[in-house]
Amino acid sequence: MNRARPGIRSDLSVVLLLVAFGGLLVWDTLTAPADDMRRGPVGPQTMPLLVAGVLLLCAAVLTVEALRGRRPRESDVDATDWRTWTAVIGAILLCAVVIDVAGWVLAGGLMFYLCVYAFGSRHYVRDLVVAAVLALGSFYLFYSGLGIELPAGILQGVL
Amino acid sequence: MRRLPRSVVLAVAGCLAVSACGVTAQGRQETGVRNLTMVVGNSPGGGYDTMARQIADVLGKDDIAAGTRVVNEPGAGGTVALQQLVNDGGSRAKVMTTGVAVVGAVVTNNAPVSLADTTPIARVLEEPMIIAVAADSPYRTLDDLVEAWRADPRGITAAGGAIGGPDYQQVMLLAKAIGIDPTTVNFVTYDGGGELLPAILGGKVAFTASGYAEWADQIASGSIRVLAVSGEQRLSELDAPTLREQGVDLTYTNWRGFVAPPGISEDKRARLVELFDQLHRSPEWQRVLERNGQQDAFSAGPEFEEFLDRQQGLVKSILADAGLR
Amino acid sequence: MDVWQQLAEGFAMALTPTNLLYAALGVLLGTAVGVLPGLGTSLTVALLLPLTYALDPTSAFIMFAGIYYGGAYGGSTTSILLNTPGESSTIVTAIEGNLMAKSGRAAQALATAAIGSFIAGTIGSLLLVVLASPIASLAIQMGAPEYLSVMVLAFVAVTAVLGASRVRGFAALGIGLMIGMVGLDPQSGQQRLTFGVPQLIDGLDIVLVAVAMFAITEALWVASRLRTAPEEAIPVGRPWLSGRDLSRSWRPWLRGTVFGFPFGAIPAGGAEIPTFLSYVTERKLSKHPEEFGTTGAIEGVAGPEAANNSSAAGSVTSMLTLGLPTSATTAVMLAAFTSYGIAPGPQLLQSESELVWTLIASLFIGNALLLLLNLPLAPAWAKLLRIPRPYLYAGIVFFAVLGAFSVNTQAIDIALLAVIGVLGFVLRKFGFPILPVMMGVILGPEAELQLRRALQISDGDVTTLVSSPMTIGVYLVIAVVIAWPLLRWLVGRVRRATGDRPDVQGDRRS
């Protein structure tokens, strides 16, 4: 089995993912403190171990299937546009990072702006206006409609 | 402060109601505490949230403090909010709701911070606890229950809220007081009254320890019977004896209060204490308490600090007795 | 006293201009909040509670009921159009509804959801009038073992929708169960998979997971194909339901109603499980199984949408008859009753009969208002999909993040949204079905809770799980459901083995 069939690598990365999840569950369970309140055969560790078992079993079956070359038809497009992908996920994560300082209006607006750009829009001014309207609109809608104050961040006192 | 940005903002968001703008601006009142932020470590609608909103209401109505805001930072029974409070620089006037449930959650969740890391401000109220069973329960009195419980500690199921919370503490303290090893106590947790009430009425669990207000309606309608109240005295609205009267040497009450971020100045602290002292003297607040079935229990300064300290020790020992930590 | 006469009096009370206004306000607010992922109806009612102290109780409750029903409507709108469930009860709607929208049938999906909700809500409200007391006693008789048996039944139903590859389906279910396990184990107070992060102690919010798995995953999917796949214009179909759509919808509406009501009325039921059961049932019974998972089947929208609204009606039933909050929203409404000095519970029907019947009448009115509001709007909403791709998907992301963040205002929720969205993307890339993941997230914690609670109450005695007629009955049904295909498979195998040549791929027997 030296020459990998096309797609076998992606199949084995699925297996890796499942093994990682199963392993995580086992590790988390084994490092948990002992439970003295347990009644009967089912304690807080039982379900995690059961689910870990299911995941590892699935991983084993998938390995066998992959090595036998049996794989279900799936919708994998080979050419993935990782740049756009990264830009979108990056925009969300950036929002998570800066929101505590910048507040919702700036962080959310920035995220929208970056996402619109990533998805291919090049109307810079129009996009900026849309982002500002969305961010400010949601802020005031939450405040006046529901009394929820989304963090204003550095705009505290301005909004 | 409100020069260019605001006008740009208004131009862009022209469709928005003008009246809604400026919502986060600073107030202008010159005296006392203003723009106090009350952090609630629980979701809107719960006991702590209701208390905070009612207090904010009274503070405004009685001109004790203007612009008080209630902010919910729910998570892990208040642990999340506590952690953020401890990390807060204390630049703005801020207090957080606290009480038995928060102390319990912090210990149960093994939180890296505790209430000892905060600046205690004041305790504001107490809530009596009750030991209750279904109306058709075989346990007519506390003695019946105690006897059955002693005979079969594992077979009698106690029900209540979260592990480590006030209900849990009450059950464990009662067990210990009547000579039952807390590790053998069979405590079943229920999230809120939705599933607990039918479990009691249907006889799935033997008894519950709970706040009185939670079951006031069922008690009034006669579907739930109160075997004992846990405080020093009987409740005026309830014909049920205390634990002490029935020979169990135990008093226990749920309480609620406020803490502030660590390291705030003495002046700031004094002003916050003064604010809750004024609340305590407000007739409006006393009416709110009465409506809620709660009791005024104002305490501040070193007295409250010691109390908070004892409370944390108590919770730790209860959980240790029960074999939880 | 004649219930119908009382109901008529209730209508007379509810149909005053003021109360109609509050009903309209409630359904509008509910719809708005339902549209927003994360922000639930219970939170809205809780936040509006202080504002209503100025109102008289009848008006306040009419408004709350409007919010409750409106929330379910609004949630389904975004599920269908944007693949972003606004409420946990509309997660299932997103599955077929969004596929329908993508194949140009958004207006039909919205219309079947609106009419189905109306029918289910109306029948549910009627059931409320008729069935109030039997439902009340059912709720008290059911305990943890009974709930568990129903959950097991739901799990068995899940296996019917595991997708083309059973192994991948089970793996997806396992991943869902794992996600559901994050947080504090309620029975022992022990933390699982929290890695010392306090924000994880309460577990992952179902709506957050659903929004991440559907909306964020979808946005990432589109992003990953932006340069390789041409922009596919979403076809714009006909604006109205056809007679064929109607004839395919009415049975799912009725079946969904039957699923929803009892689940809403029992404390551990909720709206999620009946929507799943309805979906699975419709998928099994449909004459167009090829549309499920491809172009979107209208049955898969009609059934779950009816189920979630009749569940809301069932929930209100338990609240009014027992004073029993079986959903977060009714729990808050109960708190409101108390703050008005009204004692909920069995006596409520007698002591506050006018209020109760006005409230029930307003449920009918609220439903009718929602239908009037949503049916004409369906074609207009459907046009939302014509927004240029960059704005549509950036908008979906913005919306999802806003919803996730607004509930707790914790930055970590946005990060979690991103992480689970990436997980969803990876799963989709490798051909895992998403539906079993969501089922694991929703059913897993509930089933474990009931199992553990049952054993805790019985002090570890396993026989408690099959100690009542109801549990035995449900497990018998489960046995039949499992045995039936197995039996058919065995019979087919024996026939083939005797009739034809032995199966080439068959296992070698010694």
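Everything quoted here is computed from the prediction, not taken from an experiment.
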Check your understanding: Can you say whether L17(A) sits under 4.5 Å from chain C via the side chain, the backbone, both, or neither, judging by heavy atoms?
Key -> side chain
Check your understanding: Is there side-chain contact between P151(A) and F405(C), with at least one heavy-atom pair below 4.5 Å?
Key -> yes
Exercise for review: Measure V98(A) against the heavy atoms of chain C and call it side chain, backbone, both or neither at under 4.5 Å.
Suggested key: neither
**Study point:** Structural part of F142(A) lying under 4.5 Å from a heavy atom of chain C
**Key:** side chain
Point to revise | Heavy-atom contact with chain A under 4.5 Å, split by part of L417(C) | key: neither
Point to revise | Contacting moiety of L18(A), where chain C heavy atoms sit under 4.5 Å | key: side chain
Study note, to complete from the structure: So, the part of L427(C) with a heavy atom under 4.5 Å from chain A: the answer is side chain
Point to revise | I216(C) versus chain A, the contacting section by heavy-atom distance below 4.5 Å | key: side chain
Practice item. Give, as side chain, backbone, both or neither, the part of M178(C) having an atom under 4.5 angstrom from any heavy atom of chain A. Key: both
Exercise for review: Using non-hydrogen atoms and a 4.5 Å limit, figure out which bit of L55(A) sits close to chain C: side chain, backbone, both or neither.
Suggested key: side chain
Check your understanding: So what's closer than 4.5 Å to chain A heavy atoms on V167(C): side chain, backbone, both or neither?
Key -> both
Check your understanding: Do R192(C) and L25(A) come within less than 4.5 Å of each other through their side chains, counting heavy atoms only?
Key -> no
**Study point:** Between F112(A), W82(A), Y113(A), Y117(A), the one whose heavy-atom pairs under 4.5 Å with chain C are most numerous
**Key:** F112(A)
Practice item. Below 4.5 Å from any heavy atom of chain C, which atoms of V51(A) appear? Answer side chain, backbone, both or neither. Key: side chain
Exercise for review: Indicate the atoms forming the closest heavy-atom contact of F398(C) with S138(A), along with that distance.
Suggested key: CZ-OG, 3.9 Å
Practice item. Please report the closest heavy-atom contact between L226(C) and G120(A), naming both atoms and the distance. Key: CD2-N, 4.3 Å
Review point. Do F195(C) and L24(A) come within less than 4.5 Å of each other through their side chains, counting heavy atoms only?
Key: yes
Point to revise | Audit row: W104(A), V401(C), side-chain contact (heavy atoms from CB on, under 4.5 Å) steps and yes/no | key: CA-CA 10 Å; W104(A) 165 251; V401(C) 169; 3.9 Å; yes
Check your understanding: Quick one: what part of V426(C) sits under 4.5 Å from any heavy atom of chain A, side chain, backbone, both or neither?
Key -> side chain
Practice item. Can you see which heavy atom on V397(C) is nearest to which on C115(A), and at what distance? Key: CG1-SG, 4.0 Å
Exercise for review: Identify the heavy atoms of A171(C) and C58(A) that sit nearest to each other, and give their distance.
Suggested key: N-SG, 3.5 Å
Review point. Is it the side chain or the backbone of M111(A) that comes within 4.5 Å of chain C heavy atoms, both, or neither?
Key: side chain
Review point. Does the side chain of L62(A) come within less than 4.5 Å of F430(C)'s, by heavy atoms?
Key: no
**Study point:** Partner chain A: residue of T409(C), L451(C), L177(C), I175(C) with the largest heavy-atom pair count (under 4.5 Å)
**Key:** I175(C)
Point to revise | Nearest non-hydrogen partners of I92(A) and A418(C), listed with the distance | key: CG2-CB, 3.9 Å
Practice item. Could you check which of I89(A), V97(A), V88(A) has the highest count of heavy-atom pairs closer than 4.5 Å to chain C? Key: I89(A)
Exercise for review: Compare every heavy atom of G43(A) with every heavy atom of E448(C), then report the nearest pair and how far apart it is.
Suggested key: OE2-O, 4.5 Å
**Study point:** All salt bridge (Lys or Arg N to Asp or Glu O under 4.0 Å) counterparts of D413(C), not counting sequence neighbours
**Key:** none
Check your understanding: How about R122(A) and P390(C): do any of their side-chain heavy atoms sit closer than 4.5 Å?
Key -> no
Check your understanding: L56(A): what forms a side chain to side chain contact (heavy atoms under 4.5 Å, CB included) with it, not counting sequence neighbours?
Key -> V19(A)
